[in-house]
Number of protein chains: 2
Amino acid sequence: MKISTKGRYALRLMLDLAVNNTGEFIPIKRIAERQEISEKYLEQIITQISRAGFVKSVRGSQGGYQLAHKPEDYTVGMILRLMEGELSPVACLDEPGGCERADRCVTVEVWQAIKEAVENVVDNITLADLVKRYQEKGECEYYI
Amino acid sequence: MKISTKGRYALRLMLDLAVNNTGEFIPIKRIAERQEISEKYLEQIITQISRAGFVKSVRGSQGGYQLAHKPEDYTVGMILRLMEGELSPVACLDEPGGCERADRCVTVEVWQAIKEAVENVVDNITLADLVKRYQEKGECEYYI
DNA sequence: TTTATATCATATTAAATCTATATGAATAAC
DNA sequence: GTTATTCATATAGATTTAATATGATATAAA
């Protein structure tokens with residue numbers, strides 16, 4: 001019942017772009033340093049993100065990435081689905097034909113309920129929410 | 001973000017014991033036939049379940065398994081946790097020290113919310129609920 | 001025009017995990 | 001003692017995960 005590193009890293013990557021947005025393009029190298037994630041692995045991940053049109057990219061020197069839209073336009077669910085596929089706890093929920101045992105199967109109702117619960121969380125948190133939380137958290141540290 | 005076959009099979013196994021309970025001990029072979037799951041694999045799974053005290057077992061001819069308690073005493077969460085461990089989408093939620101980046105990490109709040117949403121589902125469905133749904137579903141078939 | 005800095009595209013790999021299967025001992029009913 | 005069953009552990013094949021590696025392509029700046 002785990003989310004892969006790709007999903008987790010993708011969210012941190014997108015959040016990093018949102019938090020550190022200055023209008024300039026941010027190279028993967030900077031993000032890899034800040035997030036302490038392998039640069040080459042992040043490259044793979046952002047390639048997927050870029051193909052989905054979630055970020056704008058510029059090649060060459062002074063190049064890098066930028067969010068294509070405003071932080072409030074990205075839900076956590078959008079980002080996770082991009083890397084993980086459907087957020088179902090079992091495959092049969094997403095298969096066209098479903099399962100042969102569907103007529104007798106009761107457990108599928110459990111899986112469906114789990115899926116909906118997860119979706120209800122991730123589809124109602126945006127990058128903007130996380131940016132806000134990040135800033136609140138940063139301010140708190142002065143008082144510790 | 002998938003539940004393993006062990007978790008899924010364990011739930012079907014426990015539900016099978018609940019639905020087919022006649023007071024006699026049910027051999028794994030019967031369950032494997034009904035559920036169309038490898039007998040040897042189910043043996044492995046029920047060994048874990050048995051060690052946790054969820055079922056009573058009797059060896060030898062005429063032996064088999066029985067639920068140790070009433071169906072209403074088992075939540076789906078209890079069964080899944082037994083096979084899957086904690087139902088966290090990320091490991092850091094369950095590690096004693098947590099994560100080094102915890103002070104700066106905002107994504108952990110997302111994972112925590114997902115975990116709680118999943119727990120809210122699985123801890124509020126019992127085997128008895130599923131037995132009831134199974135019976136309702138069975139009755140419906142006459143009218144299709 | 002060269003050099004440094006980046007993205008873009010694929011291939012490869014090591015390790016872990018999943019999903020079983022296999023073998024055989026121990027136990028109990030008949 | 002034969003058969004049916006749980007109990008215990010070992011083995012194995014397949015898949016997925018999590019990277020690393022190699023190199024081509026594009027751009028800005030020196």
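Heavy atoms only: backbone and side chains are in, while hydrogens, waters and symmetry mates are out. Labels below follow one simple rule: chain letters A, B, ... track the order of the sequence lines, proteins then strands, and each chain is numbered from 1.
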Would you say [N] has OP1 or OP2 under 4.0 Å from some side-chain N or O of [X]?
X	N	answer
Tyr65(A)	dC8(C)	yes
Tyr9(B)	dT19(C)	no
Ser38(A)	dT20(D)	yes
Ser57(B)	dC7(D)	yes
Arg51(A)	dA9(C)	yes
Ser61(A)	dA29(D)	no

Pair of N/O donor and acceptor under 3.5 Å linking [N] base with [X] side chain:
X	N	result
Glu43(B)	dC7(D)	yes
Lys40(B)	dT23(C)	yes
Gln44(B)	dT21(C)	yes

Legend entry - Plane angle bin for Tyr74(B) and His69(B) - parallel if under 30°, tilted between 30 and 60°, otherwise perpendicular: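 His69(B) vs Tyr74(B) ring planes: tilted.
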Inset, instruction - Take atom CD of Glu33(B) as the centre, draw a 6.0 Å sphere, and report whether it contains more than 12 heavy atoms from other residues, nucleotides or ligands. - result: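 More than 12 heavy atoms, drawn from other residues, nucleotides or ligands, come within 6.0 Å of this atom.
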Legend entry - Between OH on residue Tyr65(B) and CG on residue Asp16(B), distance to nearest 0.5 Å: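 Tyr65(B) atom OH to Asp16(B) atom CG measures 13.5 Å (nearest 0.5 Å).
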Legend entry - Gap separating the CE atom of Met83(A) from the CG atom of Leu13(A), nearest 0.5 angstrom: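 That separation rounds to 9.0 Å.
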Separation of [X] atom [atom1] from [N] atom [atom2], in whole Å?
X	N	atom1	atom2	result
Leu17(A)	dT7(C)	CG	P	11 Å
Ile46(B)	dC7(D)	CD1	P	8 Å
Leu42(B)	dT6(D)	CG	C1'	14 Å
Lys2(B)	dT19(C)	NZ	C1'	17 Å
Arg8(B)	dC18(C)	CZ	P	12 Å
Glu84(A)	dT16(D)	CD	P	13 Å
Tyr41(B)	dT9(D)	OH	C1'	16 Å
Gln48(B)	dC18(C)	CD	C1'	13 Å

Legend entry - Cationic N near anionic O, under 4.0 Å, Glu84(A) to Lys6(A):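 Looking at Lys6(A) together with Glu84(A), the answer is no, because their closest N to O distance does not fall below 4.0 Å.
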Inset, instruction - Map Glu39(A) and Lys29(B) onto DNA chain D by nearest heavy atom, then report which one ends up closer to the 5' terminus. - result: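 Residue closer to the 5' terminus by nearest nucleotide: Lys29(B).
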Legend entry - Out of dA19(D), dT19(C), dA29(C), whichever nucleotide has its closest atom nearest the side chain of Thr5(B):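 Looking only at heavy atoms from C-beta outward on Thr5(B), the closest nucleotide is dT19(C).
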Inset, instruction - Name the nucleic acid region contacted by Ile28(A), choosing base, sugar-phosphate or nothing; use a 4.0 angstrom heavy-atom cut-off, strictly under. - result: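 If one applies the 4.0 Å heavy-atom cut-off, Ile28(A) turns out to touch the sugar-phosphate alone, with no base involved.
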